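Down below is the structure, laid out as C-alpha cells.
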Amino acid sequence: MSRVIYSVASSLDGYINDPQGDFSWAVPDEEVIAALTEDASRASTFLYGRRMYETMAVWETDPTTADQSPESADWARMWKAADKIVFSRTLPKVWTERTRLERELTIEAIERAISEASGDLTIEGPTLAGEALRLGRVDVVEVLVCPAIIGAGTPIFPAGLKLDLSLDRARRFDNGMMQVTYDVR
C-alpha cells in the first residue's frame with residue numbers, strides 16, 4: 001500500500017523559513033539533490049498547498065531551473081512525471097501538467113489520492129502536512145535538517161502535535177545537512 005510521506009527541509013531549530021519567508025539557508029547542493037531525487041522517485045504523487053505548489057511549479061515552468069546541473073535536470077524530469085494534487089481554497093487554477101486542484105484536505109481526499117497512486121505520496125508544506133498529521137494520515141516523517149539556526153519562522157510541525165516515531169534512516173551529507181526518516185507508529 002502507498003505511504004504518505006511528510007518531506008520537509010528544516011533549520012536545526014525546526015523552521016521551514018524565517019519570519020520574512022526566506023529559506024535560502026536550505027538550498028541543497030548536488031549531492032543532496034541527487035539523494036532527494038532518488039527518494040522522491042518512489043513517489044507517484046505530490047500533495048501540495050498553494051504556497052508550496054507555487055514554489056515547486058518552477059521545475060516545469062522555468063527551464064533555466066533544470067539547466068543548473070544534471071542533478072537539477074533529473075529532479076525536474078521526476079517532478080514533471082509525477083501527479084500533483086494542490087489543496088487550496090484560494091488558488092483559482094493550476095498551471096502545470098498532471099496537476100489537479102482540490103479545495104479541502106480531508107481524510108476522504110487523502111484516501112482517494114492513495115487509491116489512485118501507483119507509488120508513495122509526499123505531502124509538503126507545514127500547513128498542509130500539519131492538517132494531515134492531525135488527521136492521522138501521515139505514515140513517514142522525513143526531515144532534511146539544515147545546518148542553520150534561524151530563531152523564528154514557520155515551524156515544521158503544528159503546535160500541540162504529539163507523535164510516536166521510530167527512526168528508519170539517518171543520512172549525512174558532506175555539506176552538513178542530515179536527512180532523518182521516521183515511521184509514524
Side-chain angles (χ1 to χ4, degrees), residues 2-11 14-28 33 36-37 39-41 43-66 68 72 75-117 119-144 146 150 152-161 163 184:
S2 299
R3 301 171 304 158
V4 177
I5 302 166
Y6 175 28
S7 177
V8 62
S10 174
S11 63
Y15 298 103
I16 190 170
N17 56 23
D18 70 15
Q20 291 74 43
D22 179 51
F23 55 90
S24 59
W25 45 267
V27 174
I33 292 171
L36 296 176
T37 301
D39 289 347
S41 68
S44 62
T45 308
F46 295 115
L47 308 177
Y48 293 127
R50 178 188 55 81
R51 286 186 303 257
M52 187 60 71
Y53 173 67
E54 290 171 344
T55 300
M56 297 301 291
V58 298
W59 291 104
E60 184 172 322
T61 61
D62 182 358
T64 63
T65 306
Q68 295 174 14
S72 294
W75 174 269
R77 274 191 295 281
M78 180 274 309
W79 193 86
K80 289 180 201 177
D83 293 323
K84 278 80 65 184
I85 304 172
V86 181
F87 295 89
S88 174
R89 292 181 187 95
T90 59
L91 191 67
K93 65 179 184 170
V94 293
W95 53 88
T96 56
E97 299 294 319
R98 303 181 63 100
T99 306
R100 81 171 184 250
L101 179 61
E102 296 218 10
R103 293 296 174 199
E104 186 176 3
L105 182 74
T106 62
I107 289 177
E108 294 79 19
I110 296 170
E111 295 300 329
R112 185 172 48 255
I114 291 170
S115 71
E116 295 168 355
D120 289 335
L121 298 87
T122 67
I123 189 163
E124 301 182 29
T127 303
L128 189 69
E131 291 177 38
L133 286 160
R134 284 189 183 110
L135 291 171
R137 286 308 297 131
V138 173
D139 304 299
V140 175
V141 174
E142 191 167 80
V143 182
L144 179 66
C146 303
I150 61 173
T154 305
I156 63 171
F157 297 111
L161 178 69
L163 292 176
V184 178

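As the structure is a computational prediction, the values presented were derived from the model and not from experiment.
Listed by chain and number, the residues in a side chain to side chain contact (heavy atoms under 4.5 Å, CB included) with Ala132 are Leu105, Ile110, Ile123, Val138 (sequence neighbours excluded). Annotation: salt bridge (Lys or Arg N to Asp or Glu O under 4.0 Å) contacts of Arg51 (sequence neighbours excluded): none. Partners of Arg112 under the side chain to side chain contact (heavy atoms under 4.5 Å, CB included) rule, at least two apart in sequence or in another chain, are Arg100, Glu102, Ala109, Glu116. Partners of Glu97 under the side chain to side chain contact (heavy atoms under 4.5 Å, CB included) rule, at least two apart in sequence or in another chain, are Glu60. Scanning for side-chain hydrogen bond (donor to acceptor under 3.5 Å, both in side chains) contacts around Asp39 gives Arg169, Arg171, Gln179, with sequence neighbours left out. Residues that satisfy the side-chain hydrogen bond (donor to acceptor under 3.5 Å, both in side chains) test with Arg77, not counting sequence neighbours, are Asp74. Every residue two or more places apart in sequence or in another chain that forms a side-chain hydrogen bond (donor to acceptor under 3.5 Å, both in side chains) with Thr64 is listed here: Asp62. Ser10 is linked by a side-chain hydrogen bond (donor to acceptor under 3.5 Å, both in side chains) to nothing, counting only residues two or more places apart in sequence or in another chain. Not counting sequence neighbours, the partners of Ser44 by the side chain to side chain contact (heavy atoms under 4.5 Å, CB included) test are Ala117, Ser118. Residues satisfying the ring-ring contact (aromatic ring centres under 6.0 Å, His included) test with Tyr53, not counting sequence neighbours, are Trp95.
In this structure the side chain of Thr65 never reaches within 4.5 angstrom of the side chain of Ser72, judged on heavy atoms. Residues Met52 and Ile16 meet the side-chain proximity criterion, which asks for heavy atoms closer than 4.5 Å. In this structure, the side chains of Thr90 and Arg50 come closer than 4.5 Å at one or more pairs of heavy atoms. Val184 places none of its side-chain heavy atoms less than 4.5 Å from the side chain of Tyr6. Residues Thr45 and Leu47 form a side-chain contact, since some pair of their non-hydrogen atoms from C-beta on lies under 4.5 Å apart.
Residue pairs meeting the salt bridge (Lys or Arg N to Asp or Glu O under 4.0 Å) criterion with at least one partner in residues 78-88, sequence neighbours excluded, are Asp83-Arg98.
Between atom CG of residue Leu161 and atom CZ of residue Arg134 there is a gap of 7.0 Å, rounded to the nearest 0.5 Å. Taking CG of Asp139 as the start and OG of Ser2 as the end, the distance is 9.5 Å to the nearest 0.5 Å. If you take OG1 on Thr55 and CZ on Phe23, they are separated by 5.0 Å, rounding to the nearest 0.5 Å. Note: Leu133 CG to Leu128 CG = 9.5 Å, rounded to the nearest 0.5 Å. A distance of 6.5 Å separates OG of Ser7 from CG of Leu36, quoted to the nearest 0.5 Å. Residue Ile150 holds its CD1 atom at 5.5 Å from CG of Asp18, rounded to the nearest 0.5 Å.
For Phe157, the CZ atom is densely surrounded, since the number of other residues' heavy atoms within 6.0 Å is greater than 12.
Between the side chains of Thr122 and Glu124, a donor-acceptor pair is found at a separation under 3.5 Å.
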Under the criterion side-chain contact (heavy atoms from CB on, under 4.5 Å), I'd like the reasoning laid out for Met56 against Phe46: C-alpha separation, chi angles, the key distance, then a yes or no. CA-CA 10 Å; Met56 297 301 291; Phe46 295 115; over 6 Å; no
Would you please test Ile85 and Phe87 for side-chain contact (heavy atoms from CB on, under 4.5 Å) and show each step? CA-CA 7 Å; Ile85 304 172; Phe87 295 89; 3.6 Å; yes
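For Ile33 against Pro28, the heavy-atom pair with the smallest separation is CG1-CG, 3.7 Å. Looking at every heavy atom in both residues, Arg103 comes nearest to Pro92 through NH2-O, 3.9 Å.
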